[in-house]
Student: 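Handing you a structure now.
In what follows, every chain begins at residue 1, and chains take the letters A, B, ... in the order their sequences are listed.
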Amino acid sequence: MSHSTNTFQKVQGLDLNALPKSLEFAQVESKLQGKWTEEKTYQYQEHDTRPVFAVDTPPPTVSGSLHVGHIFSYTQADILARYQRMKGKNVFYPMGWDDNGLPTERRVQNFFHIRCDASVPYEAGLDLPPILSTMTEKELEAKKIPQRSLSRKNFIEHCHKLTVEDEKLFKKLWSDIGLSVDWSLEYATIDENSRKIAQLSFLDLFAKREMVQVEAPTLWDTDFQTAGAQAELEDREIPGAFHDIEFQVEGGGTFTIATTRPELLPACVGITTHPDDARYKSLIGKFAVSPLFGVRIPIFASEVVNPEKGTGILMVCTFGDQTDVQWWREQKLNLRQIIGRDGRLQPITFGSELYPSSDAALANEHYQKVQGKTVKQAQKLMVELLQASGAMKNPPKPISHAVKYYEKGDRPVEIMTTRQWFVKLVDKKEKIIEYGSQVKWHPEFMYSRFKNWTENLSIDWCVSRQRFFGVSIPVWYALDANGAVDFSKPMLPSKEQLPVDPMSDCPKGFTESQRGQANGFIGEADVFDTWFTSSLTPQLGSQWELNPERHRKIFPMDIRPQSHEIIRTWAFYTIAKAMLHEEKIPWKHIMISGWVLDPDRKKMSKSKGNVVTPSQFIEEFGADAVRYWAGLARYGVDTAFDPGIMKIGRRLAMKLFNAGKFVLSNSAEAGEVTEPLDLAFLEKLKAQVGEAVKSFESYEPAQALMEMEKFFWSHFTDSYLELVKSRTWGEKTTADELRVKASAVHALRFGLKTFLKAFAPFLPYTTEEVWSYAFQTEGKSIHQCLYPNVAEFEVFKPGDALVFDAAIATLSAINQQKTLSKVSIARPVTLIRLKANPKSIESLMPALKDVQGATKTEKVEWEPLGSMALNEFSVVAIEYGPDQKA
RNA sequence: UGGCUCGUAGCUCAGUUGGUUAGAGCGCUACCUUGACAUGGUAGAGGUCGCCGGUUCGAAUCCAGUCGAGCCAACCA
């Protein structure tokens, strides 16, 4: 094998004076962003035959605020994508915007101070300014200005208007932080392609009978008046109270139940107790009579009842909680739905078939007091009524209990019976878990969160939402001769028709004039849960049935990066969908990033006011420095926000820039690497490269960064660079001087190249900048080069790493002595006497001249000592030359 | 109540399958302007690895327990 060929190009025409004196991040960032866009550096090559690496990027909810957490997780994904690109993969890295859904509507409502009212007529060209530009939130509140009602169409227009603006902000941030996204693959979950694919998904699931329409008790958010899914619930610990209410027993006797929801007394449909509870055993099978309303209610036994809790006997209402639903189903109880969709108690009449009463007049009088009130108001009034009647046995006992809220909702969820579309998932929990286990989780333990959630799933996925800004459910219903709706036979569009909006498009065989008419049709007004669309992000990217060739190429995708709080939604639904549609997993790997906590280790949240906005830190430290902070965190581990780490990242970028400039400042021609120290350095570097690749391959890029940084600092800038300075710089004339100089120049440049490439996924700006000074000879961006690999080093003769270790140990010993003597490191040494193990001395010999040069040492004497540890050099005596300064 | 994660220097964190004297950076202290970098360099102080047992020649690492922090879920009458 020939090691002698010098393949290294001469650094030509490099005018150091033309290079920037210092690294101006903002300038470099904006210059390189332009360059990358112009040169399409990160473009996915549709017809390329290279292996693909597809990233299932999380489409951010654009209605949310920008915070450092975004940068953190997206940068981690970008680092991985950049590494894969540098492995020669054809990287498919799109960016989507999750712009529809409740969070957006909520934001739009506040931003413009509007609400959607389907009964309001459309006003063409309506373009409202943000309310907050003319009035503060406080003024709005004080003046009690009502929200303006907009037609559905106007409302949706305003949603689009705002999300477009929000997306610009996100796009700016993603560009600034240097995400290597292919912007030609940008999409939104509300755009035409996404609507098409979401509706395709519906048709497929419908055909497979996994998508069903059911009228059943469903989780209901009374604020936004829509159904919700189990995944969107969250527990909140709130104060409540037990109320002891006395019921009469038909045929004599009384008992007392305890409830936290006395307002549901009119909705009471049963009484239950544990079958073995001696206190109440005799009541089972009898009927109770409710106070205030005189309704006859069956008493039944249930093993589920905990005799320890409350009074051991309780009322079953439609519906207080999930257990009520269970009892209602099992016991085939009546359905007394007293809470309306708006969260207020709806009109009912006692004395009717559903609400029989022993004293209907009195019952109605009581109910009149609470009718139309909110749950909270009704509770207060009901307690007063019960106290007045004497049925309230004790004063309310305050407790603190967990209550389910719709995510970000203001009022607890209610359960009410409505007609909704569901995806059947509860019956395939096992299978979903199995599919989830086929995906490689990083870190592995995150799989247990997925498993845990799936095992506990108890309600099918309700995907219909009674909202406006979302993907339409592609269904029409026929009206009969009387104009009544027949929900049992929905009419579906064909695949070719998609996307459809059933509120404006007609089903086949009908005309628009038949909408709402007898024997005509109506369109489904509901839209999909946003997760219904975003659980298809891999298919949105691959185009699924719309582009089978691309789908084959990139599905399943390679990796899904996401954070852990949406394992139960995004990861779960995506896995379930891929399974239902194609019996496949959606991606081979899933990488879970941790959270960014505030410096006190509290979760950052808007309400706590501890949210840190990212752009200020990009400005202060530079994008590379912020990326360094994100890149240093291990996956799945929550990280306290710490600008101190960014400072260190900035330092690394600076050092890279300066060291780069220094290495390139030597315009000598590189020659064959012959010197033992140079070869030893390359040997060490080679090992380090091997480690970095290993870390990346095992999804631990933080490890790669940390070790490479350490090596760069301790083995390159602080040592190798110093050791070869005297050999490489300054006047050289003899053939031998020129030869050893050329050897070092080659090693230096090769080393620099390697470091730049190794850091490129982490510090894309700095590395590209320095790269462009000298190495862009093939017109390629550093980000299109191959990541360093061990094989590259085969052009060099094997080196002896011990030479390098001995050299830096000696360098360090002499420097230490100078520090102890409180003299300058630059102070010449006329004579030094060192003691060391003979083996160490032997290792050092080939590099002795370099060490002498770096320490300005004229003469070295040795005391070989077999008892000394290897690689330990200690100064016995030292004589300094004159202080050059003086 | 169950599941998962974490507990290492003042701070932020490494520590790979158990193996010499437990590492890095920041911060702190002292010194040095040395040919790119003072946005730098050289050194120093600082830890009984949460606690208690066990396995082992040997434990920060493995096992059982315990305390503390966090997350997820169950219960929520």
Student: At 4.0 Å (heavy atoms only), tell me whether A:Met654 reaches a base, stays on the sugar-phosphate, or touches nothing.
Tutor: base
Student: With respect to the phosphate group of B:G41, does any side-chain polar atom (N or O) of A:Lys655 fall under 4.0 Å of OP1 or OP2?
Tutor: yes
Student: When all nucleic acid strands are considered with a 4.0 Å heavy-atom cut-off, which category describes A:Lys309: base, sugar-phosphate, or nothing?
Tutor: base
Student: Does A:Arg827 make a side-chain N or O approach to OP1 or OP2 of B:U42 shorter than 4.0 Å?
Tutor: no
Student: Does a side-chain N or O of A:Thr323 approach OP1 or OP2 of B:C76 to a distance below 4.0 Å, or not?
Tutor: yes
Student: Aromatic contact between A:Phe621 and A:Tyr628, with the criterion being ring centroids under 6.0 Å apart: yes or no?
Tutor: no
Student: Taking everything shown except A:Lys451 itself, do over 12 heavy atoms lie less than 6.0 Å from its NZ?
Tutor: no
Student: Does A:Lys694 put a side-chain nitrogen or oxygen below 4.0 Å from OP1 or OP2 of B:U16?
Tutor: no
Student: Between atom CD1 in A:Ile238 and atom P in B:C76, what is the gap in whole Å?
Tutor: 15 Å
Student: Could you tell me the Watson-Crick or G-U partner of B:C4, where both distances fall under 3.5 Å? Say none if there is no partner.
Tutor: B:G70
Student: Measuring centre to centre across the rings, with the benzene-like ring taken for any Trp, is A:Phe696 within less than 6.0 Å of A:Phe762?
Tutor: yes
Student: Between A:Lys404 and B:A74, is there a contact of a side-chain N or O with OP1 or OP2 at under 4.0 Å?
Tutor: yes
Student: When you measure from the centre of the six-membered ring of A:Phe775, is the NZ or CZ of A:Lys753 under 6.0 Å away and within 45° of the axis?
Tutor: yes
Student: Taking atom P in both B:C26 and B:U66, what distance in whole Å separates the two?
Tutor: 41 Å
Student: Under a 3.5 Å cut-off for both contacts, is B:G18 paired Watson-Crick or G-U wobble with anything, and if yes, with which nucleotide?
Tutor: none
Student: In terms of relative ring orientation, are A:Trp595 and A:His564 parallel, tilted or perpendicular, with 30° and 60° separating the classes?
Tutor: tilted
Student: Between P on B:G41 and CG on A:Leu721, what's the gap in Å once rounded to a whole number?
Tutor: 12 Å
Student: Mind calculating the distance between CD (A:Gln322) and C1' (B:C76) to the nearest angstrom?
Tutor: 12 Å
Student: Starting from P on B:G25, measure out to CG on A:Leu705 and report it in whole angstrom.
Tutor: 15 Å
Student: Starting at CE of A:Met646 and ending at C1' of B:U39, how long is that distance when rounded to a whole Å?
Tutor: 17 Å
Student: Answer yes or no: does a side-chain N or O of A:Ser812 lie under 4.0 Å from OP1 or OP2 of B:A43?
Tutor: yes
Student: Is there, by distance only and without an angle test, a donor paired with an acceptor across the side chain of A:Asn815 and the base of B:C31 below 3.5 Å?
Tutor: no
Student: Give A:Ile825 one of three labels, base, sugar-phosphate or nothing, depending on what nucleic acid heavy atoms sit under 4.0 Å from its own.
Tutor: base
Student: Do NZ/NE/NH1/NH2 and the carboxylate oxygens of A:Lys684 and A:Asp805 come within less than 4.0 Å?
Tutor: yes
Student: So, is A:Lys21 close to the B:C37 phosphate, meaning a side-chain N or O under 4.0 Å from OP1 or OP2?
Tutor: yes
Student: Is the phosphate of B:U5, meaning OP1 or OP2, less than 4.0 Å from a side-chain N or O of A:His564?
Tutor: no
Student: For a quick test of reading the model: is some side-chain N or O of A:Arg449 closer than 4.0 Å to OP1 or OP2 of B:G3?
Tutor: no
Student: From NZ of A:Lys451 over to P of B:C4, roughly how many Å is that when rounded to an integer?
Tutor: 10 Å
Student: Considering Watson-Crick and G-U wobble pairs with both distances under 3.5 Å, what does B:C11 pair with?
Tutor: B:G25
Student: Quote, to the nearest angstrom, the C1' distance that separates B:A64 from B:U55.
Tutor: 11 Å
Student: Between A:Trp629 and A:Phe72 (judged by ring centroids, cut-off 6.0 Å), do the two rings come close enough to count as a pair?
Tutor: yes
Student: Quick one: is B:C76 close enough that its OP1 or OP2 comes under 4.0 Å of any side-chain N or O from A:Arg261?
Tutor: no
Student: Once you round it to whole Å, what is the distance between P of B:U33 and NZ of A:Lys822?
Tutor: 13 Å
Student: For a quick test of reading the model: is some side-chain N or O of A:Thr260 closer than 4.0 Å to OP1 or OP2 of B:A77?
Tutor: yes
Student: Just checking A:Thr272: base, sugar-phosphate only, or nothing, at a heavy-atom cut-off of under 4.0 Å?
Tutor: nothing
Student: Regarding A:Ala659, tell me which of base, sugar-phosphate or nothing describes its non-hydrogen contacts under 4.0 Å with the strands shown.
Tutor: base
Student: Using a cut-off of strictly less than 4.0 Å, decide whether A:Trp713 has a side-chain nitrogen or oxygen near OP1 or OP2 of B:G41.
Tutor: yes
